[in-house]
Asks: 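Provided herewith is a single structure, encoded as structure tokens, for subsequent inquiry.
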Number of protein chains: 2
Amino acid sequence: MLSYTEENYLKALLKLSFQNEDKPEAGTNEMAAYLGVKPATATDMLKKLKEKDLVTYQKYGKILLTDTGKKNAIAILRKHRLWETFLYEKLDFSWDEVHEVAEQLEHIQSAKLVDKLEEFLNFPEFDPHGDPIPKANGEIPILAKTLLSALEPGSSCKVAAVKDTSTLFLQYLQKLQITIGTKIKILEVIAFDGSLSIQIEDEEPRTVSMKFADSLFVQR
Amino acid sequence: MLSYTEENYLKALLKLSFQNEDKPEAGTNEMAAYLGVKPATATDMLKKLKEKDLVTYQKYGKILLTDTGKKNAIAILRKHRLWETFLYEKLDFSWDEVHEVAEQLEHIQSAKLVDKLEEFLNFPEFDPHGDPIPKANGEIPILAKTLLSALEPGSSCKVAAVKDTSTLFLQYLQKLQITIGTKIKILEVIAFDGSLSIQIEDEEPRTVSMKFADSLFVQR
DNA sequence: TATAAAAGTTAGACTAACCTAACAAATAAA
DNA sequence: TTTATTTGTTAGGTTAGTCTAACTTTTATA
């Protein structure tokens with residue numbers, strides 16, 4: 001049985017492995033920073049996780065989840081994203097409110113609960129941020145997605161997921177009435193600063209920054 | 001902010017105060033036994049709770065929740081019972097499965113979550129065991145209820161709540177197809193051993209023990 | 001390639017929540 | 001009312017998870 005804290009370390013390692021796409025290893029400081037603890041603390045926990053065969057690592061080396069470790073981490077991610085979906089769809093939480101509560105709910109221990117929740121939500125494939133929800137067997141649905149900034153002027157797309165999940169960005173999206181599935185047409189790209197003129201659904205055209213376009217995943 | 005453990009102590013004290021109806025104080029051993037810890041541990045925690053003004057107590061004296069302590073304990077009970085209702089009604093958990101998971105869910109910290117959950121469940125007044133769900137303001141609905149064993153032969157009633165919440169009893173009820181609201185008619189009381197001949201809804205008469213009749217609350 | 005900077009580890013300390021063993025107070029029984 | 005029993009407390013110890021400060025290893029740079 002994993003402690004609340006151990007679970008958080010595993011989840012952090014999984015998240016970091018997604019971030020460093022090519023090489024899924026993480027460093028001690030990186031992990032500590034992610035979790036908001038000091039490197040010394042992370043080192044201690046790493047020893048414990050290694051003892052339990054959840055990570056492979058040696059002194060001064062890189063950290064990698066073992067198969068068991070990864071399986072556990074995916075199970076936690078699954079819970080997190082199912083709960084986010086529940087909060088968003090059933091309890092009317094807004095996009096930027098779900099994460100914090102799901103951070104707590106993801107640690108609830110009950111296999112039945114997770115599976116029943118999934119069924120109750122009608123087996124959703126993606127969470128409110130557009131991130132894939134792992135299946136009970138650990139499979140993670142993949143959706144071909146590109147950054148909005150990668151599209152050509154004139155092309156159309158649908159919002160698939162957010163890359164940046166900060167409150168400020170999510171609230172901005174909400175203000176623009178953009179959610180997962182919203183249709184966007186790129187009208188023009190301003191060469192000067194990379195900003196974009198876009199049409200959201202059938203609204204009036206508006207301009208967004210390059211930073212914006214780099215924070216939103218879309219589906220062609 | 002209360003820790004998970006502190007919350008459990010407060011909840012235990014509230015539960016004990018319900019049990020000892022006339023005098024709501026509890027003793028150290030009583031509390032320790034209820035929580036499955038040693039008396040020494042309970043003493044330590046008591047000092048902490050007193051420090052935080054959640055209980056009144058002095059060395060070798062009785063323990064009593066303060067107003068703040070009681071308010072907190074009721075909030076936890078509220079969450080517990082709302083979650084039980086959710087699990088039972090929305091996720092098809094059975095009567096005897098809800099408690100264990102609700103024990104975990106009751107510690108989730110989010111005022112919005114509780115209130116939204118209550119709304120989602122349509123402001124239920126009683127949980128699956130028939131116990132009252134405290135309102136957001138701390139009020140606890142009361143339902144006039146008596147033990148089945150207190151009724152006269154010939155009288156009819158509706159199941160209001162269970163006194164015994166053990167798995168064995170709950171499973172037995174399930175087998176008899178008794179839930180909250182089920183109609184029961186008392187046909188005969190056997191003087192010899194206090195057992196009862198009863199009719200459940202419109203089924204064939206059957207006999208239940210005195211222990212059974214002492215474990216079920218009904219409404220006349 | 002020598003050295004400075006960055007990354008990671010060790011040692012020692014703290015807190016919360018638990019324990020056991022020994023003791024003290026309150027209550028019940030003889 | 002003395003004594004035995006029950007109830008409750010204290011002292012000292014353990015573990016998980018955290019910290020700081022000092023140290024070591026690796027990596028990057030001059």
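In what follows, every chain begins at residue 1, and chains take the letters A, B, ... in the order their sequences are listed.
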Asks: In whole angstrom, what separates Gln58(A)'s CD from dT26(D)'s C1'?
Replies: 14 Å
Asks: dA21(D) C1' sits how many Å from Lys38(A) NZ, rounded?
Replies: 12 Å
Asks: Ignoring backbone atoms, establish whether Lys62(B) has a side-chain N or O less than 4.0 Å from OP1 or OP2 of dT7(D).
Replies: no
Asks: In Å and rounded to the nearest 0.5 Å, what is the CG to CD distance from Leu82(B) to Glu119(B)?
Replies: 12.0 Å
Asks: Nearest-Å distance, OH (Tyr9(A)) to C1' (dT18(D))?
Replies: 8 Å
Asks: Atom CG of Asp44(A) to atom P of dA11(C): distance rounded to whole Å?
Replies: 11 Å
Asks: Which of these nucleotides, dT25(D), dA7(C), dG8(D), is closest to any side-chain atom of Tyr60(A)?
Replies: dT25(D)
Asks: Looking for any heavy atom pair under 4.0 Å, which part of the strands does Ala40(B) touch: base, sugar-phosphate only, or nothing?
Replies: base
Asks: Between dC18(C) atom C1' and Leu46(B) atom CG, what is the distance in whole Å?
Replies: 15 Å
Asks: Taking atom P of dA16(D) as reference, at what distance in whole Å does atom CD of Glu6(A) sit?
Replies: 9 Å
Asks: Provide, to the nearest angstrom, the distance between the OH atom belonging to Tyr57(B) and the P atom belonging to dA25(C).
Replies: 14 Å
Asks: Under the side chain to side chain contact (heavy atoms under 4.5 Å, CB included) rule, what do Glu106(B) and Asn8(B) come out as? Steps first, then yes or no, please.
Replies: CA-CA 10 Å; Glu106(B) 75 192 2; Asn8(B) 279 333; 3.6 Å; yes
Asks: Does a side-chain N or O from Thr43(A) land closer than 4.0 Å to OP1 or OP2 of dT9(C), or not?
Replies: yes
Asks: Nearest-Å distance, CD1 (Ile63(A)) to P (dT9(C))?
Replies: 7 Å
Asks: Name the atoms and distances for all side-chain donor-acceptor pairs under 3.5 Å in residues 27-38 of chain B, with sequence neighbours left out.
Replies:
from	atom 1	to	atom 2	distance (Å)
Glu30(B)	OE1	Gly27(B)	N	2.9
Glu30(B)	OE2	Asn20(B)	ND2	3.2

Asks: Please classify the nucleic acid contact of Thr5(B) as base, sugar-phosphate, or nothing, using heavy-atom distances under 4.0 Å.
Replies: sugar-phosphate
Asks: Students often get this wrong, so: under 4.0 angstrom with heavy atoms, is Thr28(B) touching a base, only sugar-phosphate, or nothing?
Replies: sugar-phosphate
Asks: When the aromatic ring centroids of Tyr4(A) and Tyr4(B) are compared, is their separation below 6.0 Å?
Replies: no
Asks: The side chain of Pro39(B) is closest to which nucleotide in this list: dT9(D), dT7(D), dC19(C)?
Replies: dT9(D)
Asks: Are OP1 or OP2 of dT10(C) and a side-chain N or O of Lys59(A) less than 4.0 angstrom apart?
Replies: yes
Asks: How close do Arg78(A) and Ile133(A) get, counting heavy atoms only, and between which atoms?
Replies: O-CG2, 4.2 Å
Asks: Is there a side-chain polar atom (N or O) of Ser3(B) under 4.0 Å from OP1 or OP2 of dA16(C)?
Replies: no
